[in-house]
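Data block below; observations after.
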Amino acid sequence: MKNESNWKSPMQYIMKNKLAFIHFLGLLWPILMNGQLSTLSSSPYSLYGLGVYNYQTPGKANALGYTGIADNSFGSINKLNPASFAGIPLNTFTYDVGLRYEVQNLQQSYESETKNSGNFSGISFAFPVTEKSGMGIILAPYTNVGYEISDIQSNIEGTDEIFLTNVEGHGGLNDLNLNYGYAFSENLRVGLSSSFLFGKITENEYNYFVNNTLYLREDNSYSGFRFGFGIQYDFFKNTSLGAVVNSPVNLKSVQEQEIFQYRGGITGTLLGTETIETSNDDFILPLEIGMGFKTELIKELMISADYRHEFWDQTNQTDDIGDFIDRDFYGLGLEYLPENRMKTKAMEYRLGLKYDSGNMNFNGENVSGYGLSTGVGIPLNLSLGSMINLSYTYGDRGTISNGLVRENYHLLTLNLSLIGNWFTKRRFY
């Protein structure tokens with residue numbers, strides 16, 4: 001008896017098993033949607049713009065300073081460059097589920113507070129299309145909102161009386177990202193990406209007067225498409241250069257306000273309601289460019305470096321409190337890859353460093369931040385490369401000057417990256 005495996009087109013497999021794929025996607029959607037409704041951030045800076053932008057990725061980049069523009073997708077999914085999907089091995093189906101947990105210490109003047117948050121960080125899968133091309137779909141939070149402001153005192157106009165206001169916000173945008181990569185040669189790969197950005201940010205405002213309570217609920221929904229291009233070139237066996245471009249996009253915005261007036265507290269008698277729906281100005285996401293480099297520093301030790309720039313100045317947008325400014329991102333990663341690790345079940349070890357100049361300026365202060373990360377890759381399947389990717393990041397963001405808030409955070413991420421032989425057909429004879 002002979003066991004023979006012949007490659008089967010993934011497109012044929014998907015068409016033949018389309019119900020299974022539809023059910024699979026149907027399971028992913030509510031998981032992320034419900035996860036986004038739960039707070040993914042406790043940062044007070046999520047009050048501004050669309051919230052705090054999510055850096056977390058599938059695979060191993062979380063421990064490498066979020067670098068990967070020059071890295072291929074062999075063994076893990078790389079969302080930082082669509083060209084990498086051309087490197088997905090034949091006869092495989094790769095999928096990744098991520099989790100995150102963050103503890104933040106917030107400091108303002110002489111006060112401090114500790115908060116924590118956690119949830120899914122994304123779900124993705126990838127597969128080869130032909131011998132020279134591959135595709136991937138990634139569903140992940142794009143921005144995170146989760147803030148609380150309590151006991152704001154204001155004067156009632158024309159009187160000496162005051163009222164108290166509490167404000168809290170939650171939600172954010174999601175990114176449904178489709179990637180396609182094609183290899184023109186063994187050294188040159190290019191890729192295209194298309195993102196559907198969508199989501200809702202909700203703000204609840206409670207105004208407490210002597211005898212009444214005024215509750216305002218504001219829902220802001222956003223949606224829009226963004227397109228991207230990526231390229232990777234291998235100069236030598238372990239030396240690669242990559243570049244990416246993401247187009248600007250105008251996110252359509254619709255706002256719905258509900259106003260409730262109660263006698264006494266929020267649980268008192270409802271005196272009246274009003275609903276107002278309006279179309280807001282578009283929110284503009286700017287042009288983004290990036291480049292990356294990866295090489296073998298010494299035997300078994302890889303180094304990667306990324307630079308990204310976002311042209312926020314060109315959007316001519318302002319926030320109620322601050323101004324948008326161009327953002328620069330620098331990332332550096334080191335990865336120890338033991339020789340013959342696929343046979344010896346050896347772990348991979350990673351270190352990373354990142355710096356983010358921030359895209360907001362408040363009274364002359366930029367909200368910049370840095371992060372130091374470390375992590376390991378624990379192999380699960382020696383023949384295929386499935387792995388548990390763990391990372392820990394210590395970071396700092398903001399400043400206590402000019403009435404701003406300084407954040408110190410501890411971030412844990414876990415990505416379960418599984419690779420299976422889904423596209424083979426076995427025959428026995």
Side-chain angles (χ1 to χ4, degrees), residues 52-84 87 98 100 102 121-122 189 230-246 288-310 326-338 341 347-359 366-377 387 389-398 407-415 417:
V52 176
Y53 290 83
N54 176 46
Y55 283 113
Q56 277 77 62
T57 73
K60 58 188 180 180
N62 296 326
L64 294 171
Y66 305 107
T67 61
I69 292 177
D71 199 11
N72 61 34
S73 285
F74 185 85
S76 65
I77 297 174
N78 176 18
K79 82 168 189 177
L80 297 174
N81 191 335
S84 68
R100 69 188 296 278
E102 185 176 23
S121 60
R189 299 175 295 277
I231 186 171
Q232 292 179 334
Y233 186 80
D234 301 330
F235 290 95
F236 307 104
K237 180 181 178 181
N238 292 316
T239 301
S240 302
L241 186 67
V244 292
V245 177
N246 290 311
E288 298 178 6
I289 61 172
M291 61 183 64
F293 177 76
K294 181 179 180 179
T295 190
E296 187 174 49
L297 192 62
I298 57 175
K299 185 178 180 180
E300 301 181 341
L301 184 64
M302 303 296 294
I303 184 171
S304 56
D306 280 9
Y307 169 73
R308 299 195 288 272
H309 184 84
E310 300 173 4
D326 283 3
R327 166 187 270 156
D328 292 296
F329 174 91
Y330 303 88
L332 182 68
L334 287 173
E335 184 175 22
Y336 174 67
L337 302 174
R341 60 191 180 280
M347 293 197 300
E348 301 175 3
Y349 299 90
R350 300 155 188 156
L351 291 172
L353 170 67
K354 76 173 182 75
Y355 172 78
D356 178 359
S357 69
N359 71 329
N366 292 2
V367 182
S368 60
Y370 70 88
L372 301 170
S373 57
T374 184
V376 295
M387 187 167 290
N389 294 296
L390 298 171
S391 77
Y392 163 76
T393 301
Y394 170 79
D396 183 278
R397 176 169 49 210
E407 299 180 20
N408 295 309
Y409 61 88
H410 304 268
L411 174 64
L412 295 173
T413 67
L414 182 152
N415 285 84
S417 302

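When a residue number appears, it is its place in the shown sequence, counting from 1.
Of the possible polar contacts, one joining the N62 side chain to the T57 backbone as a donor-acceptor pair under 3.5 Å is found. In terms of modelled atom types and a separation under 3.5 Å, the side chain of N78 and the main chain of D71 share a donor-acceptor contact. E296 places no side-chain N or O within donor-acceptor distance of the main-chain N or O of T239, the cut-off being under 3.5 Å.
Of all heavy-atom pairs spanning D326 and S357, the tightest one is O-OG, 4.0 Å. The nearest pair of heavy atoms linking T67 to A61 is O-CB, 3.4 Å. Looking at every heavy atom in both residues, A70 comes nearest to G242 through CB-N, 3.8 Å. The nearest pair of heavy atoms linking K79 to Q56 is NZ-O, 3.3 Å. Residues L80 and Y66 share a closest heavy-atom pair of CD1-O, 3.5 Å. Residues T393 and S373 come closest through the heavy atom pair OG1-CB, 3.3 Å.
Using a 4.5 Å cut-off on side-chain heavy atoms (C-beta onward), K60 and N415 make no contact. Residues S304 and E335 fail the side-chain proximity criterion, which asks for heavy atoms closer than 4.5 Å. Residues I303 and L332 form a side-chain contact, since some pair of their non-hydrogen atoms from C-beta on lies under 4.5 Å apart.
Considering CG of L414 and CG of L390, their distance stands at 5.0 Å, rounded to 0.5 Å. Note that CD of E300 is 8.5 Å distant from CG of L337, once rounded to the nearest 0.5 Å. Separating the CD atom in Q232 from the OG atom in S84 is a distance of 5.5 Å, to the nearest 0.5 Å. Note that the CG atom of L411 and the OG atom of S391 stand 6.0 Å from one another [nearest 0.5 Å]. Atoms OG1 and CG, from T295 and L301 in turn, are 10.5 Å apart once rounded to the nearest 0.5 Å.
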(Q) For L241 and M291: C-alpha separation, side-chain torsions, deciding distance, then whether side chain to side chain contact (heavy atoms under 4.5 Å, CB included) applies. (A) CA-CA 8 Å; L241 186 67; M291 61 183 64; 5.6 Å; no
Q.
Would M347 and Y336 count as a side chain to side chain contact (heavy atoms under 4.5 Å, CB included) here? Give the steps.
A. CA-CA 9 Å; M347 293 197 300; Y336 174 67; over 6 Å; no
Q. So R308 and E288, side chain to side chain contact (heavy atoms under 4.5 Å, CB included) or not? Walk me through it.
A. CA-CA 7 Å; R308 299 195 288 272; E288 298 178 6; 5.9 Å; no
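With hydrogens and angles left out, the side-chain atoms of N389 and R350 include a donor and acceptor closer than 3.5 Å. Between the side chains of Y55 and D356, at least one donor N or O sits under 3.5 Å from an acceptor N or O.
The pair R100-E102 meets the salt-bridge criterion, with a side-chain N (NZ, NE, NH1 or NH2) lying under 4.0 Å from an Asp/Glu carboxylate O. Residues K354 and D306 are not paired through a salt bridge, judged by the lack of any N-O separation under 4.0 Å between the basic side chain and the carboxylate.
You'll find the ring centres of Y394 and Y392 outside the 6.0 Å limit.
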